[in-house]
Amino acid sequence: MKKDLGVELLENKLDDILAKDDEENEGKWYYLDFFPVTFQAGNDKFDEFESFIQEKYYKSFSKKLSFIILGLVSYYDAEIYLYDVDYGDDRLDSLRHQDLLSQLEYQDLSKLIKRFCVNETLGLKIALQDHDNLALMLFEGGLRLSFYNLTDEQKRVAESLVRSQGFFFKESNS
């Protein structure tokens, strides 16, 4: 599928936000966590615990993640894009490089989020525009939701939404 030039530029800007953070390790980024303390690296039990949580609580968590994501895209000027992978689904594959907010109703977006909660290889890149600042919200499937290049106001709103759903909003140590 041919990309729209404006979409391609925006997707490149979102990728640049991630690359800049990776290169500089100075950019603050934040993430949603379902546990109040961060597990130590190399903890073998974490993967087992995370799998259990995803299997047993994904319906509840997917509703909460939908609330957070859809709340933020409703509050800010926003666009949502699928990861550029093969979804094995003609409809989803046809939506790559298109703003999902202009293509799908909230109910359909919520169903996608639920599907992605159990499939960690699928995800969404979400652009949040606040005045002159472009921020990135990355939903990497499972329970992984992270935020990059947030203004203080975007951080306050995102943190409020995350906490309102019973999750923890943490700053990355990198």
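Checked by atom type, the side-chain pair Thr151/Asp130 shows a donor-acceptor distance below 3.5 Å. The closest side-chain donor-acceptor pair between Tyr106 and Ser66, if any, does not fall under 3.5 angstrom.
Annotation: side chain of Arg115 is in contact with side chain of Leu92 (closest heavy-atom distance under 4.5 Å). Put simply, the side chain of Leu100 does not reach to within 4.5 Å of the side chain of Asp108, judged on heavy atoms. Looking only at side-chain heavy atoms (C-beta outward), Ile126 and Leu138 stay at 4.5 Å or farther from each other.
Each of Glu153, Glu159, Gln154 was scored for a side-chain hydrogen bond (donor to acceptor under 3.5 Å, both in side chains) with Arg156, with one residue passing: Glu153. Applying the side-chain hydrogen bond (donor to acceptor under 3.5 Å, both in side chains) test between Ser172 and each of Tyr30, Tyr148, Trp29, Tyr31 identifies Trp29 as the sole match.
Atom-to-atom distance recorded for Ile68:CD1 and Lys64:NZ is 9.0 Å, nearest 0.5 angstrom. For the atom pair CD1 (Ile69) and OG (Ser110), the distance works out to 9.0 Å, reported to the nearest 0.5 Å. Taking NZ of Lys170 as the reference point, atom OG of Ser146 lies at 14.0 Å (rounded to 0.5 Å). Here the CD1-CG distance, from Ile113 to Leu122, works out to 12.5 Å after rounding to the nearest 0.5 Å. For the atom pair CD (Gln107) and CG (Leu70), the distance works out to 9.5 Å, reported to the nearest 0.5 Å. The NE2 atom of His131 lies 8.5 Å from the OH atom of Tyr76; values are rounded to the nearest 0.5 Å.
In summary, the aromatic rings of Tyr83 and Phe139 are positioned with their centroids too far apart to meet the 6.0 Å limit. In this structure, Phe61 has its ring center closer than 6.0 angstrom to the ring center of Phe167. You'll find the ring centres of Phe35 and Phe46 outside the 6.0 Å limit. Ring centers of Tyr57 and Phe34: at least 6.0 Å apart, outside the cut-off.
By the 6.0 Å contact criterion, NZ on Lys63 is open, its count of non-hydrogen atoms from other residues, nucleotides or ligands being 12 or less.
Not one N or O on the side chain of Glu48 forms a donor-acceptor pair closer than 3.5 Å with the backbone of Asp44. Remark: the backbone N or O of Asn149 is paired with a side-chain donor or acceptor of Asn133 at under 3.5 angstrom. Not one N or O on the side chain of Arg163 forms a donor-acceptor pair closer than 3.5 Å with the backbone of Phe168.
Residues Phe169 and Leu150 approach most closely at CZ-CD1, 4.3 Å, considering heavy atoms. Between Leu14 and Leu136, the shortest heavy-atom contact is O-CD2, 3.7 Å. Between Gly142 and Leu65, the shortest heavy-atom distance links the atoms O-CD1, 3.9 Å. The shortest non-hydrogen separation linking Leu161 to Gly71 is CD1-C, 4.2 Å. Scanning all heavy atoms of the two residues, the minimum distance from Leu128 to Ala78 falls at CD2-CB, 4.0 Å. For the residue pair Lys114 and Tyr58, the shortest heavy atom distance occurs at CE-CE1, 3.9 Å.
Salt-bridge formation is not detected for the pair Asp84/Lys125: no Lys NZ or Arg NE/NH1/NH2 atom is positioned less than 4.0 Å from an Asp or Glu carboxylate oxygen.
The cluster map of Ile, Leu, Val, Met, Phe, Trp and Tyr, joined by side-chain heavy atoms under 4.5 Å apart, puts Leu134 and Phe147 in the same cluster.
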Run the side-chain contact (heavy atoms from CB on, under 4.5 Å) check on Leu104 and Leu112 step by step: do they pass?
CA-CA 10 Å; Leu104 301 173; Leu112 267 183; 3.9 Å; yes

Does the side-chain contact (heavy atoms from CB on, under 4.5 Å) test come out yes or no for Asp99 and Tyr81, once each step is laid out?
CA-CA 6 Å; Asp99 175 17; Tyr81 298 96; 4.1 Å; yes

